2 protein chains.
Amino acid sequence: MSDGALWTALADPHRRAIVALLLERPRPVGEIVEASGLSQPSTSKHLKVLREAGLVRVRQDAQRRVYALDPAPIAELDAWLAPYRRLWNRSLDELGRRLDETAPDDSEED
Amino acid sequence: MSDGALWTALADPHRRAIVALLLERPRPVGEIVEASGLSQPSTSKHLKVLREAGLVRVRQDAQRRVYALDPAPIAELDAWLAPYRRLWNRSLDELGRRLDETAPDDSEED
DNA sequence: AGGTTATATGCCCGTCAAGGCATACATGAC
DNA sequence: GTCATGTATGCCTTGACGGGCATATAACCT
């Protein structure tokens with residue numbers, strides 16, 4: 001649930017790459033292996049981590065196992081992010097205001 | 001830039017806790033130490049990681065170092081998340097449609 | 001049944017990250 | 001200057017993680 005598993009899973013670049021691949025469309029392991037350049041065992045292990053983090057789901061298709069993104073945990077991330085987004089908006093706001101106040105003049109350095 | 005430093009930094013629960021603390025307000029290290037229950041050195045190390053990921057900024061105030069969130073990298077996360085958000089919305093959509101089609105019937109589980 | 005394809009697991013090893021501790025460094029007070 | 005406070009760093013040990021390889025498991029085909 002509110003485990004750190006989600007973050008841990010996404011901390012790895014290869015796993016983020018896999019997730020990105022699955023964003024395009026669900027894929028069987030073999031395809032992921034090919035597209036990611038990882039070895040098959042390594043890929044399977046990463047998929048396991050993603051599975052246990054709830055990020056992906058498997059559907060069996062003959063001998064193949066087709067992995068697909070599960071959107072729910074992403075939403076969790078999104079929720080986590082929400083409070084920070086407010087901060088971000090505020091800072092954009094202030095930046096705008098400052099630019100507005102300081103100068104119809106020219107280029108400033110930060 | 002598109003470094004993994006951001007993810008790596010946020011992968012640690014303690015660091016996420018620190019970030020959450022800083023979301024409330026900027027704080028000197030001592031306060032973070034107290035609030036997080038971490039040792040002072042450990043805290044400093046985590047802060048270093050956050051600093052190098054660009055997540056926090058330091059302002060010096062006498063002997064104190066006051067850390068504050070830098071919103072920019074959060075926006076980066078947000079950008080990363082955007083494509084997945086579309087997926088999430090689509091799935092919400094489908095869920096709604098299915099519920100709509102299948103049944104004006106009864107109580108569902110979450 | 002035996003063989004083949006597709007995927008998962010187990011084991012070993014190198015690497016890296018985190019915590020604990022002592023200590024260095026920096027700033028301010030006297 | 002000396003001392004106190006606040007923070008950063010270095011060293012060491014331990015534990016988790018990822019890769020490679022061989023092998024186990026599963027589903028299918030004939």
Side-chain angles (χ1 to χ4, degrees), chain A residues 1-22 24-70 73, chain B residues 2-22 24-70 73 77:
Chain A
M1 303 287 179
S2 297
D3 216 9
L6 220 196
W7 287 100
T8 310
L10 290 173
D12 184 276
H14 292 141
R15 281 191 295 259
R16 286 200 301 279
I18 291 178
V19 166
L21 284 173
L22 294 181
E24 300 176 14
R25 62 169 178 279
R27 301 185 194 243
V29 178
E31 219 176 296
I32 300 175
V33 168
E34 228 189 317
S36 68
L38 292 167
S39 76
Q40 180 270 312
S42 189
T43 303
S44 269
K45 286 172 195 168
H46 284 305
L47 286 171
K48 179 176 192 175
V49 175
L50 291 172
R51 231 186 301 133
E52 293 181 339
L55 275 163
V56 300
R57 302 178 151 248
V58 210
R59 176 178 59 95
Q60 191 127 10
D61 170 50
Q63 312 103 316
R64 295 198 187 140
R65 293 181 152 243
V66 180
Y67 280 82
L69 273 190
D70 186 334
Chain B
S2 297
D3 216 9
L6 221 196
W7 288 100
T8 310
L10 291 173
D12 184 278
H14 293 141
R15 280 191 296 258
R16 287 200 301 280
I18 292 178
V19 165
L21 284 172
L22 294 181
E24 300 176 15
R25 62 170 177 279
R27 302 184 194 245
V29 178
E31 220 176 297
I32 300 175
V33 168
E34 229 189 317
S36 68
L38 292 168
S39 75
Q40 180 270 311
S42 188
T43 303
S44 269
K45 287 173 195 168
H46 283 305
L47 285 171
K48 181 177 192 174
V49 175
L50 291 172
R51 232 186 302 133
E52 293 180 338
L55 276 163
V56 301
R57 302 178 151 248
V58 210
R59 175 178 59 97
Q60 191 128 9
D61 170 50
Q63 311 104 314
R64 295 194 186 144
R65 294 183 152 242
V66 180
Y67 280 81
L69 273 191
D70 186 333
L77 258 197

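Lettering of chains follows the sequences in order, A, B, ..., and the numbering in each one begins at 1. Quick caveat, the model's predicted, so the values are computed rather than measured.
Look at NE2 on B:His14: it is 15 Å from C1' on D:dA16, rounded to the nearest Å. A straight line from CD1 of A:Ile18 to P of C:dT7 spans 13 Å, rounded to a whole angstrom. Atom CZ of A:Arg15 and atom C1' of D:dG19 are 13 Å apart (whole Å). For the pair A:Asp12 CG and D:dG19 C1', the computed distance is 11 Å after rounding to whole Å. We find that NZ of B:Lys48 is positioned 13 Å from P of C:dA18, with the value rounded to whole Å.
OP1 and OP2 of C:dA17 both lie 4.0 Å or more from every side-chain N or O belonging to B:His46.
Across D:dA8, C:dA8, C:dA18, the shortest atom-to-atom separation from the side chain of B:Ser44 is found for D:dA8.
Formation of a donor-acceptor pair under 3.5 Å by the B:Arg27 side chain with backbone atoms of B:Leu21 is found in this model. At least one donor-acceptor pair closer than 3.5 Å links the side chain of A:Arg15 to the backbone N or O of A:Ala9. Formation of a donor-acceptor pair under 3.5 Å by the B:Arg16 side chain with backbone atoms of B:Ala11 is found in this model.
In this structure, A:Leu47 and A:Val56 approach most closely via the heavy-atom pair O-CG2, 4.1 Å. B:Arg51 and B:Ser44 get closest at one heavy-atom pair: NH2-O, 4.3 Å. The shortest non-hydrogen separation linking B:Gly54 to B:Pro73 is O-CG, 3.0 Å. Looking at every heavy atom in both residues, B:Tyr67 comes nearest to B:Leu22 through O-CD2, 3.4 Å.
Residue A:Ser39 holds its OG atom at 7.0 Å from NZ of A:Lys45, rounded to the nearest 0.5 Å. Annotation: the span from A:Leu69 atom CG to A:Leu50 atom CG amounts to 8.5 Å, rounded to 0.5 Å. Distance check: B:Thr43 OG1 to B:Leu38 CG gives 4.5 Å after rounding to the nearest 0.5 Å.
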Walk me through whether A:Leu55 and A:Leu10 qualify under side chain to side chain contact (heavy atoms under 4.5 Å, CB included). CA-CA 9 Å; A:Leu55 275 163; A:Leu10 290 173; 3.9 Å; yes
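At a non-hydrogen distance threshold of 4.0 Å, A:Gln60, A:Ala62, A:Gln63 from residues 51-70 of chain A come into contact with DNA chain D. Contact check of residues 24-32 of chain B against DNA chain D (heavy atom, cut-off under 4.0 Å) returns B:Pro28, B:Val29, B:Gly30.
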Just the atom pairs and distances: protein N or O near nucleotides 20-24 of chain C's N or O, under 3.5 Å.
from	atom 1	to	atom 2	distance (Å)
C:dG20	O6	B:Lys45	NZ	2.2

